[in-house]
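Report on one structure; see the data block that follows.
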Amino acid sequence: HIKPAFGKYLISSIDAMAVQEWITQLVRKGYAKGTVELILRLAKKALEDAVIKYHYLKYNPIKYVAVPKLPEETVDKVAKAQTITEEQYDKIMQLYPEGTPYHLPIVIGYETGARIGEVLALTWDKIDLDAKTICIDHSMKKFPKCSGTAPDETEISGFQYALGSTKTASSVRTIYISDTLVDLLRRHRARQKENELRYGPHYTYTTKIPAFDERGNKINILHNVAKQHCHSKKRIDFVCTFENGNFVRDSSFSYVARK
């Protein structure tokens, strides 16, 4: 988003008015508020580096640019909500049959209507197979990955993941699930335990470790570590995992979804 809009400009010619207009247009086009905020944060961080680290600028010209709140009738929808047909769903199931890493998250999303981040954030303690319920109270969040051990030493390089709150407070909910999904979850849990035994000490556990986001704020990011190096009490027991125990990320899920 940033490069197409400002890649041809000299850095000294970028001003607050142009960036504010660009951010407003992104909101007007219907991009999610969180997406626009992330784009703006990255742009601000880039120009902040131009001031502090590289001395290309004397001050950050977009420091006070903000994401506007526009009347709903002025905002276009990027894409109208679509419901897939049973035939389309059957084709997806043929591409990703039971036992593949993406089968279960697709089925959970299809049956419950949960967002992809909510599905991938599910842990086994949030599922009651006897009561046939799933409790959704977290969402998997993606942050720019920053190196360094202090806020002023961070460098953005890729992405990292953390568990955060759902999109809105009303998104916290308990959903009743079908017998079909209950049976699928039981079989999936059994496969996870079999894989853990098969991989032994090399099976992957997920824990949380302290880190910094691109604004220098402390966050607890998800970190994969071999079972032999992790105490089971510190483990985050995800429902959606690969065969070796790694948690499924939305980036890998988005990649296969393009098929």
Roughly how far, to the nearest 0.5 Å, is the OG1 atom of T174 from the CG atom of D128? 10.0 Å
Under 4.0 Å between a side-chain nitrogen and a carboxylate oxygen: does that hold for R186 and D130? yes
Which class fits the ring pair Y203 and Y205: parallel under 30°, tilted 30 to 60°, perpendicular over 60°? perpendicular
How would you list all residue pairs meeting ring pair (Phe, Tyr, Trp, His ring centres under 6.0 Å) that involve residues 173-197, not counting sequence neighbours? none
Is the ring pair H1/Y31 parallel, tilted or perpendicular, if the boundaries are 30 and 60 degrees? perpendicular
Does S13 reach the main-chain N or O of Y9 with its side chain, forming a donor-acceptor pair under 3.5 Å? no
In terms of side-chain geometry, is the basic nitrogen of R173 or E118 positioned less than 4.0 Å from the acidic oxygen of its partner? yes
Tell me, which pairs form a salt bridge (charged side-chain N to carboxylate O under 4.0 Å, His left out) where one or both residues lie in residues 191-206, sequence neighbours left out? E98-R191, E196-K227, E196-R235, R198-E243
Is any side-chain heavy atom of I221 closer than 4.5 Å to a side-chain heavy atom of K208? no
d(N224 CG, T206 OG1) to nearest 0.5 Å is 4.0 Å
To the nearest 0.5 Å, what is the distance between CG on L122 and CG on D237? 11.5 Å
Looking only at side chains, do R115 and T166 share a donor and an acceptor under 3.5 Å apart? no
Taking the side chain as C-beta and beyond, is there a heavy-atom pair between T241 and N246 under 4.5 Å? no
Give a yes or no answer on whether the side chain of Q88 reaches the backbone of T85 with a donor-acceptor pair at less than 3.5 Å. yes
Could you check if a side-chain atom of I52 sits within less than 4.5 angstrom of a side-chain atom of E48, using non-hydrogen atoms only? yes
Electrostatic pair K44:D49 at N-O distance under 4.0 angstrom: no
State plainly whether one hydrophobic cluster holds both M140 and V172, where clusters connect Ile, Leu, Val, Met, Phe, Trp and Tyr through side-chain heavy atoms under 4.5 angstrom apart. no
